[in-house]
Every structure is written in C-alpha cells, then in structure tokens.
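Report on the structure given below.
Counting starts at 1 for both ligands and their atoms, following the listed order.
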Amino acid sequence: MTHRLLPDPGRCVVMGVLNVTPDSFSDGGRYFTVDDALRHAHEMWEAGADLIDVGGESTRPGAERVAAEVEIGRVEPVIRELAAAGVRISVDTMRARVAEAALAAGATVVNDVSGGLADKDMARVVADAQVPWILMHWRGHSKDMNSLADYTDVVAEVRDELCRRVDAALAAGVAPDAVVIDPGLGFAKQAPHDWALLRGLDVFIDLGYPVLVGASRKRFIGRLLAGKDGTPRPPDGREDATAAISTMAAAKGVWGVRVHDVMRSLDAVRVVAEWGRA
Ligand SMILES: Nc1nc2ncc(COP(=O)(O)O)nc2c(=O)[nH]1
C-alpha cells in the first residue's frame, strides 16, 4: 500500500518517535530540550527513518493535559529546525492550532491520536493544507484508559468507529488518499484487545486505506514478556518484540510502523521487503 502524498520506499514505512515531553510512557524527558530532541531526531533520520513523528503532549494513560501554547512551544522549534535540514516530519497532536503551527514550521503529515474527535477544527486544517492525516482509533481523554476498554468484538467495533472517523474526514473535505488509519494499540484497549487487533490487521488493511501500527514498547508487550514473578518487562526491554511485531505487520502489508528504535524495525521491514520480492 503506498500513499500519494508520501514517497513510497518500496517497503513498510518506518516512523521514528520523538516525544518532546517530560512524561511520555517510555522515553519521557530524554528528549525534552531542543538540543536533545534535534540530536535524537537526526540519529533516527540518519538511521533511515522515513518520517519523524514529533509530539509535545504525552498521551500515556492518566497524563495531565498541557495547554496548546505549551505544546506548540515544545514542537514548533524542533520541527522548524528539522524541516530546514530536510527531515520529513509528522506532528503528533490532537489540536488543530498545534497542527497549524507545525505545518507552518514545516511538518507535512498530521498524526492525530484522536482521529479528529478531540478538535472539530482539525479536519479543516488538514483539508486546507492537503496533507496526509493519520486517524487513530481513540475513545476519549481518560485518566483511566481502561475504563474505555469495553468491547464485545474489539476488531469489529474499532473498525466501525474508525470508519466513522474516515467518513467524517471525507465529509469535511479531506481527500480519500490523504487518509491513513491506525487501530490505536494501547488506547482504550487492554492487552487482549491489542493482540486481537494485531491478529485482525487484515480487517483494517482490507478497508483500502494505508494502515499504521504503533506497538513500540507498549504495555501489552511488557505483559507478554513478564518474568517468572509476573513483573512486566520494562519498556527498554521490549525492542526485540517490537521489531518482531514490525516484521509481522510489514509481512501483512501495513503501510507503516511507528517505533522508538528505528534501526531494529527498519532492518526487519527490509528483510520482509527483500524476502517478499517477486
Ligand atoms: N498514530 C499513532 N500515534 C501514536 N502516538 C503516541 C502513542 C503513544 O506511544 P508513545 O508514548 O510511545 O509515543 N501511540 C501512537 C500510536 O499507536 N499511533
């Protein structure tokens, strides 16, 4: 699956995560200063990332929200410098104002974990800018994400709720080939739901839109890899499993994977592309 508005690398796209936040779940604070953020972004870009996903507000369960001005203050200087250096950037935000500032600074993709639900103006911003819009499945801000994780058939319900977000985007003037969909692993999901969504990736791929998977270092991986005493594997011990998920997702034909360790997943998806060559 390729994307009209993004170059086709001939393999699964690898999106490098850059959280310019003090409190993201797996790397909070490491890249909070502009210099640290720029250094890490360039490391991922040099490692071969197709896109750097710059976020200024933690989305981990229970995270305190920050004001739009704070979010803009965090991402805008980093995006401006990276864009000037030729790095391709997506902005990870739920706010139209932040997206506008990021696009003005040189971002060329909007990654919206709320799928357009959090800010009614986002669709207009994306339609006017004619940029790709990643619509992730989300059920709302919640101190306790788990309270929203109530499903009878998680694959069917996530599919249907994502389809409603796509319909709303198209109705707002967003071009069909600007849409990327994402099942939102870890957002209003418990671990069994995350695994069911991965097993059911074909359902999302068959909708005909590029599919992005964001499994990197997430809690459901930590639970699977728990030690004999039941202690979940810590986030920085989840990289091999993340790369394994990138491998399986790429083999299934997803458009892209969103990861912290770019090289590991890039190696994995390159193997998939070469192995699958006609
Ligand atoms: N499209 C998309 N965006 C995201 N942004 C943040 C996080 C949270 O993880 P992080 O704290 O590692 O960024 N996960 C996703 C995701 O799964 N999909």
Within the 4.0 Å heavy-atom shell around [X], which atoms of ligand 1 are there?
X: V113; result: 3 (N), 4 (C), 5 (N)
X: L212; result: 1 (N)
X: T59; result: 6 (C), 7 (C), 8 (C)
X: H260; result: 12 (O)
X: N111; result: 1 (N), 2 (C), 3 (N)
X: I134; result: 1 (N)

Check: Hey, looking at atom 2 (C) of ligand 1, which of D182, V257, V259 has the closest heavy atom?
Finding: D182

Margin query: Considering K218, H137, R219 one by one, which has a heavy atom nearer to atom 14 (N) of ligand 1 than any of the others?
Written below: K218

Next item on the list: Please determine, by modelled atom types, if D35 and T33 share a side-chain donor-acceptor pair under 3.5 angstrom.
Entry: no

Notebook entry, point to check: When you check the side-chain N and O atoms of N111 and S90, is any donor under 3.5 Å from an acceptor?
Noted result: no

Based purely on interatomic distance, does [X] place a nitrogen or oxygen under 3.5 Å from a nitrogen or oxygen of ligand 1?
X: M136; answer: no
X: N19; answer: yes
X: S216; answer: no
X: D53; answer: no

Check: Out of D92, N19, I89, which residue meets the side chain to side chain contact (heavy atoms under 4.5 Å, CB included) rule with V54?
Finding: I89

Next item on the list: Quick one: sort the Y151 and H193 rings into parallel, tilted or perpendicular, breaks at 30° and 60°.
Entry: perpendicular

Check: Could you go step by step and tell me if E157 and R139 meet the salt bridge (charged side-chain N to carboxylate O under 4.0 Å, His left out) rule?
Finding: CA-CA 11 Å; E157 290 172 66; R139 282 188 160 181; 3.5 Å; yes

Check: Are any of the side-chain nitrogens in E76 or R80 under 4.0 Å away from the carboxylate oxygens of its partner?
Finding: yes

Next item on the list: Would you mind telling me if ligand 1 is within reach of the side chain of R258, the backbone, both or neither, using heavy atoms under 4.0 Å?
Entry: side chain

Next item on the list: State whether the number of non-hydrogen atoms from other residues, nucleotides or ligands found under 6.0 Å of R124 atom CZ is greater than 12.
Entry: yes

Note to self: Is it true that, when you exclude D150 itself, more than 12 heavy atoms of the residues, nucleotides or ligands shown sit nearer than 6.0 Å to its CG?
What the structure shows: no

Next item on the list: Determine, step by step, whether R11 and D50 satisfy the salt bridge (charged side-chain N to carboxylate O under 4.0 Å, His left out) criterion, reporting the C-alpha distance in whole Å, the side-chain angles of both residues, the deciding distance to 0.1 Å, and the verdict.
Entry: CA-CA 11 Å; R11 53 165 169 74; D50 300 288; 2.8 Å; yes

